[in-house]
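Predicted model, so just to flag it, every value in this text is computed and none were measured.
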Amino acid sequence: MSETSPSAETTVAAFDVRMTRFVDAAGTVLAPLPAFAQDPEELRRMYRVMVETRAIDRKAVALQRTGQLGTYASCLGQEAIGTATGIAMHADDVLIPAYRDYAAQFLRGVPAESTFLYWAGDERSMHFPEGTPSRHDFPFSVPIGTHIPQAIGVAYAFRLRKQPRVAVAACGDGATSRGDFYEAVSSAKVWNLPVVFLISNNQWAISLPRARQTGAQTLAQKAIAGGIPGEQVDGNDVIATRHVLERALAAARAGEGPRVIEAVTYRLHDHTTADDARRYRAEDELEDAWTRCPIKRLRACMATLGCWSVADEEELEAQAAARAEAVAQAYFAVQPEMPQAIFDSLYATLPTALGAQRAEVMTAPAPQTEH
Amino acid sequence: MSETSPSAETTVAAFDVRMTRFVDAAGTVLAPLPAFAQDPEELRRMYRVMVETRAIDRKAVALQRTGQLGTYASCLGQEAIGTATGIAMHADDVLIPAYRDYAAQFLRGVPAESTFLYWAGDERSMHFPEGTPSRHDFPFSVPIGTHIPQAIGVAYAFRLRKQPRVAVAACGDGATSRGDFYEAVSSAKVWNLPVVFLISNNQWAISLPRARQTGAQTLAQKAIAGGIPGEQVDGNDVIATRHVLERALAAARAGEGPRVIEAVTYRLHDHTTADDARRYRAEDELEDAWTRCPIKRLRACMATLGCWSVADEEELEAQAAARAEAVAQAYFAVQPEMPQAIFDSLYATLPTALGAQRAEVMTAPAPQTEH
Amino acid sequence: MADLNIIEAVNLALKSEMARDENVLVLGEDIGRNGGVFRATVGLLDAYGPERVIDMPLAENLIAAMAIGLSTQGLRPVAEIQFSGFLYPCLDQIANHAARYRNRTRGRITCPLVIRAPNGGGIHAPEHHSESMETFFAHMPGLRVIAPSNPARAYGLLLAAIRDPDPVIFLEPTRCYRLFKQAVEDSGEALPLDTAFVEREGTHLTLVSWGAMMHETRLAADALAQEGVSCELIDVASLKPLDMDTILASVTKTGRCVIVQEAPRAYGPASEIAANLAEHGLLSLFAPVLRVSGYDTVMPLARLEKVYLPDVRRIVAEVRKLLELAPVG
Amino acid sequence: MADLNIIEAVNLALKSEMARDENVLVLGEDIGRNGGVFRATVGLLDAYGPERVIDMPLAENLIAAMAIGLSTQGLRPVAEIQFSGFLYPCLDQIANHAARYRNRTRGRITCPLVIRAPNGGGIHAPEHHSESMETFFAHMPGLRVIAPSNPARAYGLLLAAIRDPDPVIFLEPTRCYRLFKQAVEDSGEALPLDTAFVEREGTHLTLVSWGAMMHETRLAADALAQEGVSCELIDVASLKPLDMDTILASVTKTGRCVIVQEAPRAYGPASEIAANLAEHGLLSLFAPVLRVSGYDTVMPLARLEKVYLPDVRRIVAEVRKLLELAPVG
Ligand SMILES: Cc1ncc(C[n+]2csc(CCOP(=O)(O)OP(=O)(O)O)c2C)c(N)n1
Ligand SMILES: Cc1ncc(C[n+]2csc(CCOP(=O)(O)OP(=O)(O)O)c2C)c(N)n1
Ligand SMILES: [Mg+2]
Ligand SMILES: [Mg+2]
């Protein structure tokens, strides 16, 4: 092989990926905080959402362990991302979520008992209440990543109608290996769409570690394949996460086009309650990850800033526990659907050809509520 | 929105895309040539392949226009890439081609009449002759891009067996919009596979111009999504194209992993003979593209270097025309297959359940050969 | 009232509905300036602009997903998939999302979208361009699957499909796109979905088909009429939901049924019709229910595609076989 | 000879065949250290190493394509798709490539691969985990589709599938994975493909099923036996190619047939069997061919999945209906 003379090669494009962090794992503030984070009430608000989300999440796991809920996917350790998302989005934006984005859903008006109902296996859980921002939102997409290209259509509708709205398509690290993710990223800039792709990189896709998911050094750089900005953020730093999300949403809303955000976090729980991560994950990795817990971090930060006391903490713990219990009770109170419900939202009007099937179901013995 | 202090953001990754060119459109040598190109015989060889390929290609178009061939996809203007590929690959590498890579196929032993037979609609065209390198190769994949992830399996087999072989997966600019392309690029480095992804960016996917295919500034940068090197090459400069291909193949063979090459070229013909590009493409764009024709360029370069004469050109033209005519005759001489052929390669052994269907076909009137 | 072929009728329906409802938009590969590879969308770009006539990157999965996203926002996307074999990458989005959103959100999110594609072979097209895709969609709960067989039905059923509040797969008969013309009025009137059309009344047997094979079946009925065999001719038109009432009424009358499909035989659409006859029509049947179909082979390339495709000869032969088993009168 | 459940039998077949043939390798999501979400691949990583037990990135289309690439090189990949609803992204690769390479290269390139997946519902799994996917594959020419119903058949048919020189889709009955055990010998002996199994002889009617529904059907036959109804019980096992000879022989004897499937009714696998009976068995039939099936609804989430799933009660009810129409003896 010949040596190439330098003049035969020229650089035609260059890219970089940046990472944003304001608060480190110990709670130390590393850089001047964004304006919203200079308001202690805002810090307390974010903290409260994270703690309540965790309490509800723990309740769901407890219900599953006692046979009162189906398989459940915990958001333990990832509360900062959902919280930042729920706060950063405007009411009439559209959230196309991944299944650990509970905090964002709660902030947008999904009652937590709906979440429980979803994992119990009841479609009404995805009806979402009228009059809340969640009414615009998509339900979880279990087929990983397949919802992401749908965001292209949603954002296209906003552009067509000249609405100042943004679609936020959220997914995990595993989802970024799929063609679905890529086809959305690759095309979003063709129409300069108001869409933000938010990756919660929690380092694992069930048992597959991030490093074996793709050869890419960062997931943010997958944006480059679509010619759009990609950036990393410390997803356990709720301030940084909210900051980059607000910046991306504002840019998209202002017509500056799509963006990819990789929020780096860690899945502190098993993949779901049906999984046992000890099978494939080293204990010390998990222990180490706990040191970066987003809740601990914000608490330490607030303590340093002098806006959070032991009494505040105790009061919040009690509140959160009460809320989680109330959610469980609300969930228990939901009456089962009638069997014919499996036909009644299938089409706008049930085709005649299906009438006999529906009738058959109505004469069958009534199902019992199971969890 | 707050201003971000610089210290909150750090650069975590940086990438660039380079472009290689040795000979410009006028045939001027821009940089010291690689060793192979310092041998006039090698230049003449590459030139001959390109000219013969073009003659055969024109013959195919002529046959189609006179009703003697089905829809045909011309490689007009893209002869350099196929030629470079066919020369750069080793005999036992595997070519997983796109449908304009005729020159590469010819160099690997596919008889040109097979190409004609393919577009006439005869599956025997993809049988490829024993004892030639093409025997390892894949047939064209009409569903755009779907063959690319298959290269992952092929290259994995090489790695598993510790064979010094490389899989070359070729596609057009349009194909790079597909999840198939991405899933291959995204995963190739996970196993550090010996695979080269070769994009012939001819600026159009039927009527869609490159700029509306994706937001990416270059197609080479799609490599970054998989954490692998991506580079551009002037695909109308056969020397540069062969150089970067040989370099990529050697690297892959040496265990240095996968790579993406975007060869920038132009589709001088309609998409296929079923297309009329005047419907959507400006005449002056086409005229301008002709000034960068790879054949003209190498001829000018050789003329300057003093290794190509008018007499050489005339002799080659005559040879190429004769070869194209011989190909057509060989194609005409192929006898039609029997109707039951539609069953006979369906399974290794035809399941009993299908015996009656095969028998039915054998008693049906024999089909007439149509083009 | 103009004489139109099927592709012109499709084009007219699109034009007409885009004019009537600004929420209707079309998307697909090469559908803008190029007017679509079969010219179904000719003139739409000039009439309605690039925002409503969207040339798509080369990714069918994206086309389906984008159509879903658009439809959830109350738009009425009509997506074109260029050739039948390229519908496979859409199946995931259609089965797992389009067909389900209404049900899984108990009516909150809906997908009033249409996916149009040419279906079937017979035009000497390249590989993967000639597949018959009905079964894949007809087996998916929550969808409608329409396969028009002539210009008037293409027009009227496409209007109905676009206006329908649920996802509709609209499979057009490739080989009949330009085969014949018919007077089609741009009346803006939709034809009913879920309804089979009795195209010709007859007494000896019922011939059932849809899409491109209706044409061969019609010709076979003509040929059989010459021999004194009176065929009732049914165009299924809507494969899902399937109007078995119309087919059963006919078979109850004739006692004999031959179903003609282009798709491979095994697990094809004709089997569903035959199964329903075996369940609900058994007592009326004088003779076996026969299926004339493509073979269980990969769709052959152009040179042998005629071997695969059911044609008048094969339909007539099956009918004669049937009449030997159960002679008329 | 150990007592094994179906998942253990699958695991044993994989282990056994990987030991016998070094070209066999497995790939899929979470199949390595985690042993697969259903534990079908437990122990393989330790026994055969990461080169032959390949944990895949989260992309089913890639899994199918990679399996194809591997198989073209003479390897024998056995891919696992984690849940049935995630087979959709594989359909393009399977229909357009795996099922065609042999035919389109006239025998030069072949795809001796297996794609295994759990099939069907009944385990209260999340959305999209409980689909019945037979029809999609059974309609594709060039494939084989196997649906074992018990441990011994899972073992013997999986060996056969891996050794077969053509692509095989192997759909495992999710809800029966751990439902019962059976003595399975690690004999290395494959069962024949293309063959239905007469599991129990009977005289009054033929009950036909496969996969998970075989279990319900068997229980129904037991219940009916109590009432003096003698059912011949057929496990189709191989949906493609379909062994109609065995089914026809039985129906010729009994004159009555009920087919049980979990998939949605319309255009489902039972329709193909019923259609064949309407064609080749009509004269033997005393009564309509009945299909007990899932409804034409989206597979409900856990709380209502039992409403959807055929069970002993529904099977027995259909049989009683049939016997009313055509009483025995
Ligand atoms: C298409 C598809 N394939 C496989 C699965 C099974 N599955 C559920 S979650 C999961 C891993 C997802 O990983 P990631 O995207 O990182 O999200 P996380 O669970 O870590 O939040 C897999 C493989 C699925 N749900 N969908
Ligand atoms: C999956 C699929 N979709 C659509 C088509 C129809 N089609 C054939 S070639 C082509 C454009 C291909 O563009 P590109 O990849 O740039 O290759 P080129 O033809 O320019 O060489 C299209 C859309 C196809 N063959 N396959
Ligand atoms: Mg993850
Ligand atoms: Mg191109």
message = Heavy-atom pairs under 4.5 Å with chain B - which of D/Ile109, D/Asp92, D/Leu25, D/Asp243 has more of them than the others?
response = D/Ile109

request  = Measure from the side-chain N and O atoms of D/Arg52 to the backbone N and O of D/Met18, and report whether any donor-acceptor pair falls under 3.5 Å.
outcome  = yes

note = Heavy-atom closest pair (D/Val26 atom, D/Leu14 atom, distance to 0.1 Å) is CG1-CD2, 4.1 Å

query = Within the side chain of D/Asn34, is there an N or O that forms a donor-acceptor pair under 3.5 Å with the backbone of D/Gly36?
reply = no

inquiry  = For B/Met126, is there any backbone N or O sitting under 3.5 Å from a side-chain donor or acceptor partner on D/Arg108?
reply    = yes

query = For chain B, which residues from residues 70-80 of chain D have at least one heavy atom closer than 4.5 Å to it?
reply = D/Leu70, D/Thr72, D/Gln73, D/Gly74, D/Leu75

note = Here the pair of heavy atoms bringing B/Val94 nearest to B/His136 is CG1-O, 3.5 Å

ask   = Looking at D/Ser238 and D/Thr195, what are the two nearest heavy atoms and their distance?
value = CB-N, 3.9 Å

query = Is atom CD of B/Gln163 surrounded by more than 12 heavy atoms (other residues, nucleotides or ligands) closer than 6.0 Å?
reply = yes

key: Proximity breakdown for D/Leu27 and chain B, heavy-atom pairs closer than 4.5 Å   = neither

Nearest heavy atoms of D/Lys240 and D/Phe137, plus distance in Å = CD-O, 4.0 Å

task = Could you tell me which portion of B/Tyr182 (side chain, backbone, both or neither) has an atom closer than 4.5 angstrom to a non-hydrogen atom of chain D?
result = neither

request  = Please state whether the side chain, the backbone, both or neither of D/Glu51 comes within less than 4.5 Å of a heavy atom of chain B.
outcome  = both

Engaged part of B/Asp344 at the chain D interface, taking heavy atoms whose separation is under 4.5 Å = neither

task = Output yes when B/Asp93 and B/Arg253 qualify as a salt bridge under the 4.0 Å nitrogen-oxygen rule, no when they do not.
result = yes

request  = Specify the closest pair of heavy atoms between B/Leu249 and B/Val168, including all atoms of both residues, with the distance to one decimal.
outcome  = CD2-CG2, 3.7 Å

message = Heavy-atom cut-off 4.5 Å, strictly under: side chain, backbone, both or neither for B/Arg135 against chain D?
response = both

ask   = Would you call D/Arg153 and D/Glu199 a salt bridge, taking side-chain N to carboxylate O under 4.0 Å as the test?
value = yes

remark   = Counting heavy-atom pairs under 4.5 angstrom with chain D, the leader among B/Pro351, B/Ala353, B/Ala157, B/Ala348 is B/Ala348

message = Suppose we call two aromatic rings close when their centres sit under 6.0 Å apart. Are B/Phe116 and B/Phe332 close by that rule?
response = no

inquiry  = Counting only non-hydrogen atoms closer than 4.5 Å, does D/Asp166 touch chain B with its backbone (N, CA, C, O), its side chain (CB onward), both, or neither?
reply    = side chain

ask   = Is it true that a side-chain atom of D/Thr41 and a backbone atom of D/Gly35 form a donor plus acceptor pair closer than 3.5 Å?
value = yes

inquiry  = Between D/Ile68 and chain B, with a heavy-atom cut-off of 4.5 Å, which part of the residue counts as in contact: side chain, backbone, both or neither?
reply    = side chain

Closest-packed option against chain B by number of heavy-atom pairs under 4.5 Å, given D/Asp194, D/Asn96, D/Thr105, D/Asp245 = D/Thr105

task = Count the heavy-atom pairs under 4.5 Å between each of D/His97, D/Met56, D/Gln93 and chain B, then report the option with the highest count.
result = D/His97

ask   = Is chain D contacted by the side chain of B/Ala341, its backbone, both, or neither, given a heavy-atom distance below 4.5 Å?
value = both

message = Heavy-atom cut-off 4.5 Å, strictly under: side chain, backbone, both or neither for B/Ser125 against chain D?
response = neither

query = Which answer fits D/Leu242, side chain, backbone, both or neither, if we ask what part of it has an atom under 4.5 Å from a heavy atom of chain B?
reply = backbone

Residues of residues 269-281 of chain D near chain B, each having a heavy atom less than 4.5 Å away = none

ask   = Hey, which of B/Asp137, B/Leu354, B/Asp122, B/Thr349 has the most heavy atom pairs under 4.5 Å with chain D?
value = B/Asp137

request  = Using a strict cut-off of less than 4.0 Å between a Lys/Arg side-chain nitrogen and an Asp/Glu carboxylate oxygen, indicate whether D/Arg163 and D/Glu17 qualify as a salt bridge.
outcome  = yes

key: Ring geometry between B/Phe106 and B/Tyr102 (parallel below 30°, tilted from 30 to 60°, perpendicular above 60°)   = parallel

message = Check whether D/Arg102 reaches the backbone of D/Ala99 with its side chain - one donor and one acceptor, N or O, closer than 3.5 Å.
response = no

inquiry  = Quick one: does any side-chain atom of B/Arg165 pair with a main-chain N or O of B/Asp92 as donor and acceptor, under 3.5 Å?
reply    = yes

query = Among D/Pro57, D/Gly107, D/Pro241, D/Gly142, which has the most heavy-atom pairs under 4.5 Å with chain B?
reply = D/Gly142

request  = Answer with side chain, backbone, both or neither: which region of B/Phe158 has an atom nearer than 4.5 Å to a non-hydrogen atom of chain D?
outcome  = side chain

ask   = With a distance cut-off below 6.0 Å to the six-membered ring centre and an angular limit of 45° from the axis, does B/Arg259 pair with B/Phe197 as a cation-pi contact?
value = no

